[in-house]
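Structure first, commentary second.
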Protein chains: 2
Amino acid sequence: MPRPPVARDKLLDAYAALLRREGERAATLDAVAAKAGVSKGGLLYHFGTKEALAEALCERMLDLGREDVEKMRTAPDGPCAYYVRTSVNTKSAFDVTYAAMIRLSQAYVAPASDALGQIHRWWMDLILEEIQEPSVAETIMLIGDGLYSYAALPGELDRPEAGGDMDGLLRQVEVLKASAKAQLAERG
Amino acid sequence: MPRPPVARDKLLDAYAALLRREGERAATLDAVAAKAGVSKGGLLYHFGTKEALAEALCERMLDLGREDVEKMRTAPDGPCAYYVRTSVNTKSAFDVTYAAMIRLSQAYVAPASDALGQIHRWWMDLILEEIQEPSVAETIMLIGDGLYSYAALPGELDRPEAGGDMDGLLRQVEVLKASAKAQLAERG
DNA sequence: GTCTATACGGCGATAGAC
DNA sequence: GTCTATCGCCGTATAGAC
């Protein structure tokens, strides 16, 4: 296992933070290098082009996504509850990277859209496995998507409105789960 | 009522279409002017700066939002069903503008975030009025937000997966509405 | 591995003709 | 009201020193 240099990681951290907090346009090579504490030349030694920098962040996103999906699979309260619970914005590495990826995806960086799509599919597979009923599974996915869309909003602000009443939200997820069972039983 | 020139509208149309289909970075003054069939100088006669162009689109968004909210208020199947039904991406003026506004919001154009927040609040007010129970109202808002987040994805592609089974989705909305009634009755 | 200096292109905006 | 021409800035990328 080749250990990538520390500078590489610091540059990716800086890039993700800038994307998240100031947007794609502000995440210039100059700004990223400055935030990481290296020169532009230093940055371009590690990542030959800006595209390579973006692709490296996409790789990191997929790694973090795999970790998250594994935690979701083995969550004590089940994948659905884990999914909704963790869709509120925190300052975890996963959430910061996810918000950054949304910016990249919107800037038409194809690998970013691919990575987000892949993670989304992993989530959907686990939820469908637990719920069985497709339209209920989709409904729960959408609730999580909705919560993540707040994480995608500009600014540092954590909005207490969205997902503020997480207990109430999880109660509705239970209602939907029960409804799925009933709908499945009805059809035999 | 002063009727704004046709060229102004054509420029806003071009700007919105470019934002939606190619992203914020591609929506340069050159590109917008070309798409609208005028020169860059012509554009800058109508909108003195790029900021003014963006703000004009935000105004248009608020106008379309007011129209949409009015339709939602008087929808025969109720505000919630209308909201979820119409949260799938179409090619209506509202949806094209909405997708464009998300791009602007992510590019940290403050008036765009403000306009989206305002429309969101209008929606929430109507849903809360119909549902009464706050956590169910929030759940339904999130389902719509989730659907809209697909509209925010890059590319022209209409994804059949999300909101493809609209009947099933509306069935779950009914389940949630019934659950809200039950929860309210329980508390007296 | 990291730096400075520089080339190059593109974007927003101004000036002024028609 | 719409055009062309041009300026100045900034972002990406290269060259080459240390």
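Just so we're on the same page: letters track the sequence lines, and every chain starts at 1.
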Figure out the [atom1]/[atom2] separation between [X] and [N], and round it to whole Å.
X     : N      : atom1 : atom2 : result
A/L43 : D/dA13 : CG    : P     : 10 Å
A/R8  : C/dT2  : CZ    : C1'   : 16 Å
B/F47 : D/dT2  : CZ    : C1'   : 15 Å
A/E51 : D/dA13 : CD    : P     : 8 Å
A/L44 : C/dC3  : CG    : P     : 11 Å

I'd like a list of close polar pairs between nucleotides 4-11 of chain C and the protein, N/O only, cut-off under 3.5 Å.
none

Inset, instruction - Check whether any side-chain heavy atom of A/L147 sits under 4.5 Å from a side-chain heavy atom of A/N89, and report yes or no. - result: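 Counting from C-beta outward, A/L147 and A/N89 never come under 4.5 Å.
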Legend entry - Qualifying residue for side-chain contact (heavy atoms from CB on, under 4.5 Å) with B/M141, from B/L128, B/V84, B/I127, B/V136: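 Only one of B/L128, B/V84, B/I127, B/V136 forms a side-chain contact (heavy atoms from CB on, under 4.5 Å) with B/M141, namely B/I127.
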Inset, instruction - Using only side-chain N and O atoms of B/Y45, determine if any of them is under 4.0 Å from OP1 or OP2 of D/dT2. - result: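 For B/Y45, the contact criterion (side-chain N or O under 4.0 Å from OP1 or OP2 of D/dT2) is not met.
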Legend entry - B/V175: hydrophobic cluster co-members (side-chain, 4.5 Å):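 Under the 4.5 Å side-chain rule, B/V175 groups with A/V175.
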Legend entry - B/E174/B/R171 salt bridge by N-O under 4.0 Å criterion: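 Salt bridge between B/R171 and B/E174, a charged N being under 4.0 Å from a carboxylate O: no.
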Legend entry - SG on A/C58 to CD on A/E51, rounded to 0.5 Å: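 Reported to 0.5 Å precision, the distance equals 10.0 Å.
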Inset, instruction - Determine whether the aromatic ring centres of A/H120 and B/Y150 lie less than 6.0 Å apart. - result: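 Centroid distance A/H120-B/Y150: below 6.0 Å, so yes.
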